[in-house]
Amino acid sequence: MTNDPQRLLEYAHGLKGMSRRRFLTGSALGLALATDLFVTRQIQEAREELAIIPVADDYADAAFPNARWILFPGYKTSWEEGVWIMNSLRPVLSRRARLAVMGYSNRGLDVSTIVGSLRRYIRTQQIDTLYFYGHSFGGMVAVEVASRLREVGVDVRFIMLDSSPHSRFDVIDQTMFDGVVYLYEAGYRVPTVLRGGYELAERIVHKNERTWAQIVDQTLEQLSPFAPSSVLIQSQASYIFHYNVARFRLGDTGLAFVGNPNDGTVDYATARPGWAAAFPENMVSADPVTEGALPAHASPQWNPLIYQAVARKLQQEFLPIPTGGATKSIY
C-alpha cells in the first residue's frame with residue numbers, strides 16, 4: 001500500500017468508470033485487510049492534506065478552462081463518494097464549467113485552510129468564474145467559504161444548496177450532537193468499529209427512506225479504510241453544531257435551495273425558509289424538489305436523473321454560459 005497522495009488521487013479519478021457494486025466490494029475487501037488498522041492508518045495519513053480533486057470531462061475541460069463547479073461534500077462523505085456524486089451530476093454541470101471536488105483533510109475540518117487552498121487554486125488555474133455545489137452539510141461550508149472569499153475580492157457566482165441545513169436545529173436527529181460533539185470537544189476520538197455500529201443503527205432508524213441494500217452499502221462505506229477519519233467526522237458535527245448563518249455576507253452571489261419534503265435527515269420545512277430568510281436578496285430559487293429520490297436526503301449519486309433534471313433547469317434559468325466559453329451548449 002502506497003503513501004503517495006498522487007497515486008490515491010489517480011485512484012479517485014478512476015472511480016467514474018467503476019460501478020457502485022465494484023466500489024463497495026472493494027471497500028469490503030479493504031476492510032478485511034484492515035483488521036489490524038494498518039491499512040486504514042496508511043490511507044488516512046496520506047489524506048491528512050486537503051485536496052481539490054479534479055473530475056475530468058473532455059467537453060468542459062476544452063470549453064470552460066477558466067470556470068469551475070466545486071462540490072463541497074456532505075457529512076461523513078469520503079473523497080471517493082464525493083467524486084461519485086460529481087460524476088452523477090457531470091452530464092449537466094459540465095455544460096457551464098470544469099469540475100472539482102473538495103477533499104477534506106483527515107486532520108479535521110478547517111475552513112481557513114479550505115479558503116487558503118482555494119485562493120491558491122484560483123490563482124494557479126486562472127479561474128474567473130466559480131460555482132459551488134453544497135451537498136448536505138457541505139452547503140454550510142460553501143456559504144462560509146464564499147463569504148470569506150468575497151472578503152478578499154474573489155466572487156462566487158452561484159451556490160446550489162442540496163438539502164443543506166441552515167442551522168443545527170434543522171438536523172432531525174439532535175441526539176447526534178449529544179454524543180459526537182461532546183466527545184470531540186472533550187478530546188475523545190470515536191474508534192472505527194464503534195462508528196460502524198452507530199452507522200448501521202442510524203440507517204436502520206431511517207429505514208423509511210432507504211432500501212436494505214442502501215443500508216448495507218452505506219454502512220460498509222463508513223467501515224471502509226477510505227472513509228473519512230473519526231477526527232474529521234467529529235469536527236464536521238462540531239461545525240454544524242456551532243454554525244451561525246448570520247455571520248456571513250454573500251454580496252450578489254446567487255443562491256438556490258434544492259430539497260425534498262420527505263427528507264428524514266434535514267427538516268425541509270425549516271431549512272428551506274431558514275436559508276431564504278438569511279439571504280433574501282440572494283435566493284433566486286427555493287422551489288426545486290427532488291421528487292421520487294430515495295433516499296430523499298442529498299442523494300444525486302443514487303438518483304442521478306432526478307438531480308440532473310433539477311440542475312439543468314437551474315442552469316438554464318440563472319447561469320448564462322461564461323464569457324469565452326463554448327458558443328453553443330446543449331443546456
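For the single chain, residues carry numbers from 1 onward in sequence order.
The shortest side-chain heavy-atom distance between Asp110 and Tyr104 does not fall under the 4.5 Å cut-off. For the pair Phe279 and Val143, the minimum side-chain heavy-atom distance is below 4.5 Å. Between Ile172 and Val266, every side-chain heavy-atom pair lies at or beyond the 4.5 Å cut-off. In this structure, Leu232 and Leu109 have side chains that are in contact, with non-hydrogen atoms separated by less than 4.5 Å. Residues Glu144 and Arg247 are in side-chain contact: their nearest non-hydrogen atoms beyond the backbone lie under 4.5 Å apart.
Residues Lys313 and Asp287 are not paired through a salt bridge, judged by the lack of any N-O separation under 4.0 Å between the basic side chain and the carboxylate. Salt-bridge annotation for Asp252 and Arg150: present, with a side-chain N of the basic residue lying under 4.0 Å from a carboxylate O of the acidic one. Salt-bridge check for Lys76 with Glu81: failed, with every basic side-chain N at 4.0 Å or more from each acidic carboxylate O.
No donor-acceptor pair closer than 3.5 Å links the side chain of Ser238 to the backbone N or O of Gln234. One N or O on the side chain of Gln174 and one on the backbone of Val171 form a donor-acceptor pair closer than 3.5 Å. The backbone N or O of Thr265 sits nowhere less than 3.5 Å from a side-chain atom of Asp173 that would complete a donor-acceptor pair. Although no hydrogens or angles enter the test, the distance criterion places a donor-acceptor pair under 3.5 Å between the side chain of Arg272 and the main chain of Ala286. At least one donor-acceptor pair under 3.5 Å links the side chain of Ser117 to the backbone N or O of Thr113.
The only option from Arg98, Met160, Arg90 that meets the side-chain contact (heavy atoms from CB on, under 4.5 Å) definition with Trp69 turns out to be Met160.
Counting non-hydrogen atoms of neighbouring residues, nucleotides and ligands closer than 6.0 angstrom, the CG atom of Asn244 exceeds 12 such neighbours.
Closest heavy-atom contact between Pro295 and Asn303: O-ND2, 3.9 Å. What you find for Thr290 and Asn260 is that their closest heavy atoms are O-ND2, 2.7 Å. Taking every heavy atom of both residues into account, Ser163 and Ala298 meet most closely at OG-N, 3.5 Å. The heavy-atom pair separating Gly74 from Ser136 by the smallest distance is CA-CB, 4.1 Å.
In summary, the side chains of Asp170 and Thr270 do present a donor paired with an acceptor at a separation below 3.5 Å, with no hydrogens or angles considered. No donor-acceptor contact under 3.5 angstrom links the side chains of Gln315 and Tyr131, judged on distance only.
Between Ser88 atom OG and Tyr307 atom OH the span is 10.5 Å, to the nearest 0.5 Å. Separation of atoms CD (Glu48) and CG (Asn106) is listed at 7.0 Å; rounding is to 0.5 Å. In this structure, CG in Leu118 is found 11.0 Å from CZ in Arg68, a value given to the nearest 0.5 Å. If you take CD1 on Ile159 and CD1 on Ile70, they are separated by 11.5 Å, rounding to the nearest 0.5 Å. Separation of atoms CD (Gln301) and CG (Leu89) is listed at 9.0 Å; rounding is to 0.5 Å.
Cluster membership check: Tyr75 does not share its hydrophobic cluster with Phe169, using side-chain heavy-atom separations under 4.5 Å among Ile, Leu, Val, Met, Phe, Trp and Tyr.
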Test side-chain contact (heavy atoms from CB on, under 4.5 Å) on Val141 and Ile114; report intermediate values, then the result.
CA-CA 9 Å; Val141 181; Ile114 292 173; 4.1 Å; yes
Walk me through it: do His166 and Met140 pass the test side-chain contact (heavy atoms from CB on, under 4.5 Å)?
CA-CA 7 Å; His166 94 289; Met140 303 171 103; over 6 Å; no
Can you list the steps and then say if Trp84 with Trp302 is a ring-ring contact (aromatic ring centres under 6.0 Å, His included)?
CA-CA 10 Å; Trp84 178 13; Trp302 303 93; 5.5 Å; yes
Stepwise, does the side-chain contact (heavy atoms from CB on, under 4.5 Å) test hold for Phe257 with Asp162?
CA-CA 6 Å; Phe257 180 84; Asp162 178 2; over 6 Å; no
In sequence, state the C-alpha distance, the side-chain angles, and the governing distance for Phe248 and Tyr243, and then conclude on ring-ring contact (aromatic ring centres under 6.0 Å, His included).
CA-CA 10 Å; Phe248 310 123; Tyr243 194 79; 5.4 Å; yes
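Residues Phe72 and Phe132 bring their aromatic ring centres within 6.0 Å.
Taking the ring centre of Trp79 as origin, the terminal cationic atom of Arg47 falls inside the region bounded by 6.0 Å and 45° from the ring axis. Both cation-pi conditions hold for Arg95 and Tyr59: the charged atom is under 6.0 angstrom from the six-membered ring centre and inside a 45 degree cone around its axis. With a 6.0 Å cutoff to the six-membered ring centre and a 45° limit on the axis angle, Arg168 counts as a cation-pi contact of Phe241.
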